[in-house]
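Working notes for the structure below.
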Amino acid sequence: MATESIELIRSIFDTNWNRANTSQRKPVIQDITTVDPGRGKRFDLNRSDAIFLYETAHNEEQPDIFYDVVHTRVNVTVDARTVMGRDQIMKMEDEIRRIVHSKRKGDGQNFDRLLYKTRTDLSDRTKHLHRFTFQVEIVIFAELIA
């Protein structure tokens, strides 16, 4: 894969995010592994919405005929957070879905498919934190193995 999975997703969201679809709020989009320890928990959501990205699984499967290639599937968790209410998190969900579906055919260089898989509501209404996590899968067909 030419571009690392998290950087690929971050770049796709950063480039294609349409503020008009999310009340003129563009979230901060970060790779959770590059954030200082604990920063994900102490991120100031009053200033901006946030999307944290992290790789959940990396799977390879070998086709039956050719043994010099593998099909690679990388699951990335897209963790979207806001304190601006349920309506805002729903707008963020719609925008994430729109972006993933618009890129589902791949770019022909870094990946072949981008799939929107699942959504989980992890909101804590007592803290006014609205949080959805999404599983997005990057698929690469016939990746050469060394």
Side-chain angles (χ1 to χ4, degrees), residues 1-63 69-145:
M1 182 164 44
T3 303
E4 196 266 330
S5 59
I6 299 296
E7 180 55 31
L8 179 68
I9 296 290
R10 192 203 60 72
S11 175
I12 288 171
F13 283 158
D14 195 44
T15 304
N16 295 284
W17 196 272
N18 185 343
R19 295 171 62 102
N21 294 337
T22 55
S23 303
Q24 297 304 316
R25 291 175 62 94
K26 182 176 181 182
V28 171
I29 304 166
Q30 291 183 312
D31 176 353
I32 198 73
T33 63
T34 65
V35 176
D36 293 334
R39 175 88 168 119
K41 292 181 181 178
R42 292 190 295 269
F43 187 85
D44 186 358
L45 290 171
N46 289 314
R47 300 177 99 184
S48 175
D49 297 334
I51 293 179
F52 296 116
L53 305 169
Y54 49 95
E55 191 174 303
T56 313
H58 184 113
N59 301 307
E60 292 182 356
E61 49 192 61
Q62 273 190 325
V69 297
V70 293
H71 298 321
T72 303
R73 296 178 177 273
V74 181
N75 285 318
V76 174
T77 297
V78 177
D79 186 342
R81 303 176 188 191
T82 187
V83 293
M84 300 307 289
R86 182 89 176 156
D87 186 52
Q88 181 65 15
I89 197 70
M90 297 302 288
K91 288 177 183 179
M92 290 174 71
E93 175 189 14
D94 290 343
E95 186 63 2
I96 289 167
R97 288 181 70 237
R98 182 192 69 79
I99 292 169
V100 170
H101 288 305
S102 74
K103 300 297 180 186
R104 69 180 173 255
K105 292 182 182 178
D107 65 3
Q109 182 178 4
N110 295 301
F111 67 105
D112 296 303
R113 297 283 184 271
L114 191 62
L115 306 172
Y116 177 94
K117 295 183 75 173
T118 62
R119 182 201 85 183
T120 305
D121 186 348
L122 298 174
S123 298
D124 185 345
R125 286 162 188 86
T126 62
K127 295 179 182 174
H128 304 287
L129 171 66
H130 298 277
R131 178 180 177 202
F132 284 172
T133 60
F134 307 89
Q135 293 299 312
V136 175
E137 186 174 69
I138 300 166
V139 181
I140 303 150
F141 295 122
E143 184 176 19
L144 284 173
I145 51 178

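Numbers here simply count residues along the sequence, with the first being 1. The structure presented is a predicted model; accordingly, all values stated were derived computationally and were not measured.
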> Which atoms form the tightest heavy-atom contact between Phe111 and Gly106, and what is the distance?
Replying inline: CE1-CA, 3.3 Å
> Can any side-chain N or O of Ser123 pair as donor or acceptor with the backbone N or O of Arg125 at less than 3.5 Å?
Replying inline: no
>> With a 4.5 Å cut-off on side-chain heavy atoms, are Ile51 and Phe132 touching?
In response: no
> How would you list, by chain and number, every residue that makes a side chain to side chain contact (heavy atoms under 4.5 Å, CB included) with Ser102, sequence neighbours excluded?
Replying inline: none
> Measuring from Arg73:CZ to Glu137:CD, what's the distance to the nearest 0.5 Å?
Replying inline: 5.0 Å
> Do Glu95 and Thr22 have side-chain atoms, one donor and one acceptor, less than 3.5 Å apart?
Replying inline: no
>> Under a 3.5 Å distance rule, please check whether His71 uses its side chain to pair with a backbone N or O of Ala142 as donor and acceptor.
In response: yes
> Distance from Tyr54 atom OH to Ile6 atom CD1, nearest 0.5 Å?
Replying inline: 10.0 Å
> Can you name the ring pair (Phe, Tyr, Trp, His ring centres under 6.0 Å) partners of His128, sequence neighbours left out?
Replying inline: none
> Going through the checks in order, is the side-chain contact (heavy atoms from CB on, under 4.5 Å) test met by Asn18 and Arg98?
Replying inline: CA-CA 10 Å; Asn18 185 343; Arg98 182 192 69 79; 3.9 Å; yes
>> Show, in sequence, the C-alpha distance, side-chain angles and deciding distance for Lys26 and Asp14, and conclude whether the side-chain contact (heavy atoms from CB on, under 4.5 Å) test is met.
In response: CA-CA 9 Å; Lys26 182 176 181 182; Asp14 195 44; 3.0 Å; yes
>> Could you work out, with side-chain hydrogen bond (donor to acceptor under 3.5 Å, both in side chains) as the rule, every residue matching Arg25, not counting sequence neighbours?
In response: Asp49
>> Any carboxylate oxygen within less than 4.0 angstrom of a Lys/Arg side-chain nitrogen, looking at Asp31 and Arg10?
In response: no
>> Taking the side chain as everything from C-beta on, heavy atoms only, tell me whether Val139 gets closer than 4.5 Å to Thr72.
In response: no
>> Please report the interatomic distance OG(Ser23) to CG(Asp87), rounded to the nearest 0.5 Å.
In response: 6.5 Å
> Between Phe13 and Thr15, is any pair of side-chain heavy atoms under 4.5 Å apart?
Replying inline: no
>> According to side-chain hydrogen bond (donor to acceptor under 3.5 Å, both in side chains), who are the partners of Glu60, at least two apart in sequence or on a separate chain?
In response: none
> Among all residues two or more places apart in sequence or in another chain, which pass the side-chain hydrogen bond (donor to acceptor under 3.5 Å, both in side chains) test with Asp94?
Replying inline: none
> What residues, two or more places apart in sequence or in another chain, satisfy side-chain hydrogen bond (donor to acceptor under 3.5 Å, both in side chains) together with Thr77?
Replying inline: Thr56, Gln135
> Taking only residues two or more places apart in sequence or in another chain, which ones pass side chain to side chain contact (heavy atoms under 4.5 Å, CB included) with Ser48?
Replying inline: Val28
>> Quick check: closest heavy atoms across Pro27 and Ala50, and the distance to 0.1 Å?
In response: CB-N, 3.9 Å
> Is the closest side-chain heavy-atom distance between Ile138 and Leu114 below 4.5 Å?
Replying inline: yes
>> Quick check: do Ile9 and Val136 have side-chain heavy atoms less than 4.5 Å from each other?
In response: yes
> Could you give the distance from CD1 (Ile32) to CD (Gln30), rounded to the nearest 0.5 Å?
Replying inline: 7.5 Å
> So, do Glu55 and Glu4 sit near enough that their side-chain heavy atoms are less than 4.5 Å apart?
Replying inline: yes
>> Just to verify, what does Asn46 make a side chain to side chain contact (heavy atoms under 4.5 Å, CB included) with, not counting sequence neighbours?
In response: Asp44, Val83
> Does the pair Ile89 and Arg131 meet the rule for a side-chain contact (heavy atoms from CB on, under 4.5 Å), with working shown?
Replying inline: CA-CA 7 Å; Ile89 197 70; Arg131 178 180 177 202; 5.8 Å; no
> So, do Leu53 and Ile29 sit near enough that their side-chain heavy atoms are less than 4.5 Å apart?
Replying inline: yes
>> I'd like to check the salt bridge (charged side-chain N to carboxylate O under 4.0 Å, His left out) partners of Arg47; sequence neighbours left out, ordered by chain and number.
In response: none
> With a 4.5 Å heavy-atom cut-off, do Gln88 and His130 have their side chains touching?
Replying inline: no
> Can you list the residues that meet the side chain to side chain contact (heavy atoms under 4.5 Å, CB included) rule with Asn16, with sequence neighbours excluded?
Replying inline: Ile12, Ile99, Lys103
>> Enumerate the salt bridge (charged side-chain N to carboxylate O under 4.0 Å, His left out) contacts for residues 104-115, please, sequence neighbours excluded, ordered by first and then second residue.
In response: none
>> To the nearest 0.5 Å, what is the distance between CG on Leu122 and OG1 on Thr120?
In response: 6.0 Å
> Any ring-ring contact (aromatic ring centres under 6.0 Å, His included) pairs touching residues 80-107, not counting sequence neighbours?
Replying inline: His101-Tyr116
> Do Asp121 and Arg119 sit within salt-bridge range, that is, some charged N less than 4.0 Å from a carboxylate O?
Replying inline: no
>> Assess the residue pair Arg81 and Phe43 against the criterion (side-chain contact (heavy atoms from CB on, under 4.5 Å)); give the C-alpha distance rounded to whole Å, side-chain angles, the decisive distance to 0.1 Å, and a yes or no.
In response: CA-CA 10 Å; Arg81 303 176 188 191; Phe43 187 85; 5.9 Å; no
